[in-house]
Amino acid sequence: MDPSLLNAPEADEMEPKKDVVPVWLIVLMVMLLYWGAVYFDRQGGWFSPQVYAPYRNLEEVRAYQPGGGAGDLFELGRSVYGQTCVACHQANGLGVAGQFPPLADSEWVNEPEPGRLIRIVLAGLQGPMTVKGQQYGAATMTPFAPILSDQQIAAVLTYVRQNADWGNKAPAVTPEQVAAVREKIANRSQPFTAPELLSISPAE
Amino acid sequence: MNYGALVFLGAFVAVSLSWFGMVLSPQVQLGRQTQGTNSVNTAELYPVQRPGLAREGLEVYRANGCVYCHSQQVRQSGTAVNVILTDAGTNAAAAADALMKSRAGVTDANAVGLSAGLPKAILTDVDVDRARAAVEALTSAGAKAEIEIVPVGTDIAWNWGIRRSVAHDYLYDSPVLLGSLRVGPDLANVGARLPDANWHYRHLYAPRSVVEGSAMPAYPYLFERRPIQGQPSPDAIESKDGFEIVPTSEARALVAYLLSLRADVPLFESPVSVEPPPQETADTNSAAGTNVVSPQASASAQ
Amino acid sequence: MNAPGSTKATPLHGIASDAIDASCRMPLFVLFGVAALWLAASSVFGLIASIKFHSPTFLSEAGWLTYGRVYPAAKSMFLYGFALPAALGTTLWIFARIGKVGAAQPFFIAAGGALWNLGVLAGVIGIFAGHSTGFENMEMPRYAAVLLFFGFLLIGIWTLVTLHERRDRRLGVTQWFLLAALFWFPWIYSTAQLLLVVWPARGTAQAVIHWWFSANFTVLWCGLAGLGVVFYFIEHVAGRPLHNSPLAVFALWTSLLFVSWTGIPAGAPVPAWIPTLSTIAGVVSVVPLIALAMVLVPTLRATDVPPSAGGEITSHRSAWCRLTSTVPGRLVASGLVAFLVAWVVQLICAIPSVNGFVQFTWFTYALSQLNLYAFLALTLFGAIYLIAPRVAGMDWPWPKVVRLHFWLAVIGIALIVLPLAAGGLLQASKFASKASHPELSFVTVANGTLHFLRISSIGEVLLLLGHVLLAGNLLTLMARCARARLAAAYESAVAEVRTAEVKP
């Protein structure tokens, strides 16, 4: 048998040496922690829930969004249209006779300046109006100012105005244009009427 | 240092610190995530709860320890940025000029050549700021260009996903089984990769019958051998000598879960260019949220 | 150590180490004995799981024998059946021995051990039945966790009381590490159990909590418990004081502070700040590693006897030679080497690019085996081989088998860790080469690791043999001890009856 198994030496009493933690080790730890802070500042996204590697901060995530220019707005607009407008104006943009005017190939939609359109979406529209020679006005357009953002309104108008399938070809609408109009009519609580809109210059 | 209480207090402080940083804070941030609009480009809600059968399937997945061989997370090491010219516009000269500016070495003549056969990538794997500048230059020249975002990385090269996985992808799963070892391939996007339920049934019943040399164990206990009564069952994976092999409810749930595993929706925090949805769903926007950049961009993204 | 006002050794208070050992007999027999059985069972199922890689149809007819249940059951048996009870028993004995006091309430500790083992049994059956929680390293279902909790409570409380009642009031580095481990486990386990199983967190918060638990359990708790045993062997078996014990305490605090934040992989599907913090903590963990190396290397190399150590040490061998002169010491020394290697590798793996390279490959598995088996299990084997004959009051029935187990364990674990680490690196490089080799198929990569897995299966066989030897040796020792005590009790009873018969 292995006697050492039972009789392994056991030191009962010991006095430790009076040693200390070397200063350089603490300095190293502080330096590493400083490096950690710098590294976190660069890579950590500052606790943002939307920053994932390989992106390092929110600006980078924004910069890497796909699309570009108006194409971006167009696709967002398709989605907004599908959720918000399609019930009345229909998927083909032709509306419903007498009630909901068509957007396809409409002279209102294809105006070079979008001022009137933005007003209709923001504040709504009621009363009779003429589109492509037909009378409409049995229904009222809802004001979307409290529901849709400038970005979403610009997107849906861009989608409608640039929808080649509908025969529309008008310049895109920017969120800035929507924001400017929103500010101008901020105090308005009533929907517009067609004559009132026609009295406003589309460029305003 | 003769006080056990000191060890207790010190350990308490240390464990509390790490608990605060690694348990509480992530829980506050991730545990309170909600369904949201999936991307800057569409307004649809993401994620959606898995269907009931698929949720039962997660339980089968958990109980049989699939997680020990399969991960469910796609990693991404970088992002490639391309510029796609979709429309040269009417002012050919201005577009050519913009092209020349954004791409060194393009002369007037082949700039016009570039405008043919659209859409095409005019810049590949460039700095994101340069790509933005090129798109702006082309747009102001009356042309149309888009930025195409292509995530890159080992997992994406393996076709396990088109973008990295993010917290939103797992919002409604419990337990969240991310896995730690890849004896088998990653399953984060298996529903999009292998959408055929019958393939999965056969694979579970006898893996080597569909994947040669597979190391996956067979799961015969998820199937039932029963005599054929009248017509053979439509979902029988094998029928011989008056008997047929049909999946049990567990196998059905598991396959429903596997098919529900998709991580191909572009999100703000994990941007990617993808294929557009079919036209009819694009108009009514009722189908599962799929972002659209442009048909052309995604064609080259795949 | 450096007790205020007690630079002189505290007297023994007249309690013999035999009596202390005897007070630990019942709890340690329960904790060690059942642990050895769990260990043997664990390696049987581990071997089955390992064989399934080479022949996927092996034992695939029954649901409870599928790989995804056998593997977690084997791992749970190892972690909860063997490692935790063995570490708890060792802690109790070391506290009693260093504190020169008998175990407080041995019966309750033994009852706690029984309750704990009942919990493990329920948990393992639950895993086989498909009730696993799904979270690696804590698969045992909720009902088992309740039993584990109360079992741990009984053991832990009376172990603490044993420490509290110590007659030698000094509290050394050994006790600090073991005490920290004793606190750490219930903290992290209950937190994880509550936030993952009882009131599950939402989404990937679960994954973060699970990673946090895994790192704190398999790296930090395992490190604390194993190092506590290592320090005990150095100070009390090799009989050498630590070179610089304040530095060891510094290592303890810094590892508690930093290692407890590690474990989130760099590519995890969580916002960047979480893996970034984990990466930083992983890199800063170099500080406790340096501190430990600065304590251990000079201590183990020192050949002269410090005058302050006193005692009757006459040899001039280095502490390392003294430590490795016995088989238990050799086991602990091998564990220590594995620990240092594992920590260095963990540090390298904290670098995000390295982390992403080896993640999901057999390399990470090999690393965790290095930590859990090559370090913790070997260290605990050393402790069991040292402690069990003392509490039994007799030597091992087959002392040579102890030596044989040492070789089986060391060679076996080397045959697991080294091939799997190599295979894992190969697998990682093949994974990474997909972008440049699009024709590479997954099956090719997976089957490329099969040779390495075959070698590791041989390692599993060796480990299994070693575990059977340990269990046989230990259970026979316990049986002989029990028989001897019964015989003695019978003798004294008979003698009493005889004297009673003679008297009238």
Side-chain angles (χ1 to χ4, degrees), chain B residues 1-4 7-8 10-12 14-15 17-19 21-23 26-27 29-33 62-69 71 73 75 77 154 157-158 164-167 169-171 173-178 180-185 207 211-221, chain C residues 1-3 52-53 56-57 60-63 66-69 71-72 130 132-136 163-164 169-171 176 179-180 183-184 187 191 195 200-209 212 249 253 256-257 260-261 267 269-270 274 277 356 360 364-365 431-432 434-435 442-443 446-447:
Chain B
M1 49 192 252
N2 267 2
Y3 302 101
V7 184
F8 173 75
F12 183 82
V15 85
L17 275 176
S18 89
W19 178 83
M22 293 280 114
V23 176
Q27 160 65 8
Q29 187 174 83
L30 300 174
R32 294 187 186 167
Q33 270 189 335
R62 171 192 58 72
N64 289 290
C66 307
V67 69
Y68 297 101
C69 294
S71 60
Q73 45 178 324
R75 300 164 301 168
S77 57
T154 301
W158 276 99
R164 66 157 301 147
S165 305
V166 294
D169 296 330
Y170 309 91
L171 194 58
D173 287 342
S174 188
V176 172
L177 301 172
L178 295 181
S180 61
L181 191 61
R182 281 180 181 159
V183 180
V211 179
E212 201 185 332
S214 167
M216 186 167 110
Y219 293 87
Y221 60 89
Chain C
M1 335 225 95
N2 350 338
K52 279 171 178 277
F53 280 115
T57 48
S60 67
E61 288 297 322
T66 191
Y67 177 81
R69 299 190 194 181
Y71 171 74
S132 153
T133 62
F135 295 107
E136 209 169 344
L163 182 76
H164 184 71
R169 295 304 300 169
R170 291 172 304 171
L171 201 63
W176 280 63
L179 190 56
F183 290 140
W184 210 260
W187 247 98
T191 304
L195 290 177
R202 218 166 163 208
T204 34
Q206 285 188 4
V208 177
I209 294 166
W212 172 85
V249 173
W253 291 129
L256 290 186
L257 273 177
S260 60
W261 288 66
V270 289
I274 301 173
L277 283 181
F360 302 126
T364 49
Y365 176 82
F431 274 152
K434 176 70 172 178
F442 188 86
V443 173
N447 290 351

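Here is how names work: the chains are called A, B, and so on, in the same order as the sequence lines, proteins then strands, and each is numbered from 1.
- Between the side chain of B/R62 and the backbone N or O of C/G130 there is at least one donor-acceptor pair closer than 3.5 Å.
- Only the backbone of B/V166 has a heavy atom closer than 4.5 Å to any heavy atom of chain C.
- Side chain of C/Q206 to main chain of B/V176: a donor-acceptor pair is present (N/O by atom type, distance under 3.5 Å, no hydrogens or angles).
- Ranked by heavy-atom pairs shorter than 4.5 Å toward chain C, the options B/S71, B/C69, B/P185, B/S77 are led by B/P185.
- Interatomic distance, OG1 of C/T66 versus OH of B/Y68, reported as 12.0 Å (0.5 Å rounding).
- Contact of C/Y71 with chain B is made through the side chain alone, with heavy-atom distances under 4.5 Å.
- A donor-acceptor pair is defined here as one N or O able to donate and one able to accept, closer than 3.5 Å; no such pair exists between the side chain of B/N64 and the backbone of C/G63.
- The shortest side-chain heavy-atom distance between C/R202 and B/L171 falls under the 4.5 Å cut-off.
- For the side chain to side chain contact (heavy atoms under 4.5 Å, CB included) test, residues two or more places apart in sequence or in another chain that qualify with B/A14 are C/W184, C/L256, C/L257.
- Interface residue C/S260: backbone and side-chain heavy atoms are both found under 4.5 Å from chain B.
- When B/A215, B/P217, B/S180 are compared by the number of non-hydrogen pairs under 4.5 Å with chain C, B/S180 comes out ahead.
- Heavy atoms only, all atoms of each residue included: B/A167 and C/T204 are closest at CB-OG1, 3.0 Å.
- Judged by distance alone, with hydrogens and angles left aside, the side-chain atoms of B/W158 form a donor-acceptor pair with the main-chain N or O of C/F431 at under 3.5 Å.
- A distance of 11.5 Å separates OG of B/S18 from CG of C/L277, quoted to the nearest 0.5 Å.
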* Decide yes or no on side-chain contact (heavy atoms from CB on, under 4.5 Å) for B/V23 and C/V208, but give the supporting numbers first. => CA-CA 7 Å; B/V23 176; C/V208 177; over 6 Å; no
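- For C/R69, the salt bridge (charged side-chain N to carboxylate O under 4.0 Å, His left out) criterion is met by no residue, not counting sequence neighbours.
- Annotation: side chain of B/V15 is in contact with side chain of C/W187 (closest heavy-atom distance under 4.5 Å).
- Between C/A205 and B/P26, the closest heavy-atom pair is CB-O, 4.2 Å.
- For B/V183, the parts lying under 4.5 angstrom from a heavy atom of chain C are both the backbone and the side chain.
- For chain B, the option among C/T364, C/V270, C/V443 with the highest count of heavy-atom pairs below 4.5 Å is C/V443.
- Taking all atoms of both residues into account, the shortest heavy-atom contact from B/Q27 to C/A201 is OE1-CB, 3.1 Å.
- Here the CE atom belonging to B/M22 is positioned 11.0 Å from the CH2 atom belonging to C/W212, to the nearest 0.5 angstrom.
- Heavy-atom pairs under 4.5 Å with chain B were tallied for C/Y365, C/W253, C/F135; the largest tally goes to C/W253.
- The closest side-chain heavy-atom distance from C/P269 to B/L178 is below 4.5 Å.
- With a 4.5 Å cut-off on non-hydrogen atoms, B/L177 touches chain C through its side chain but not through its backbone.
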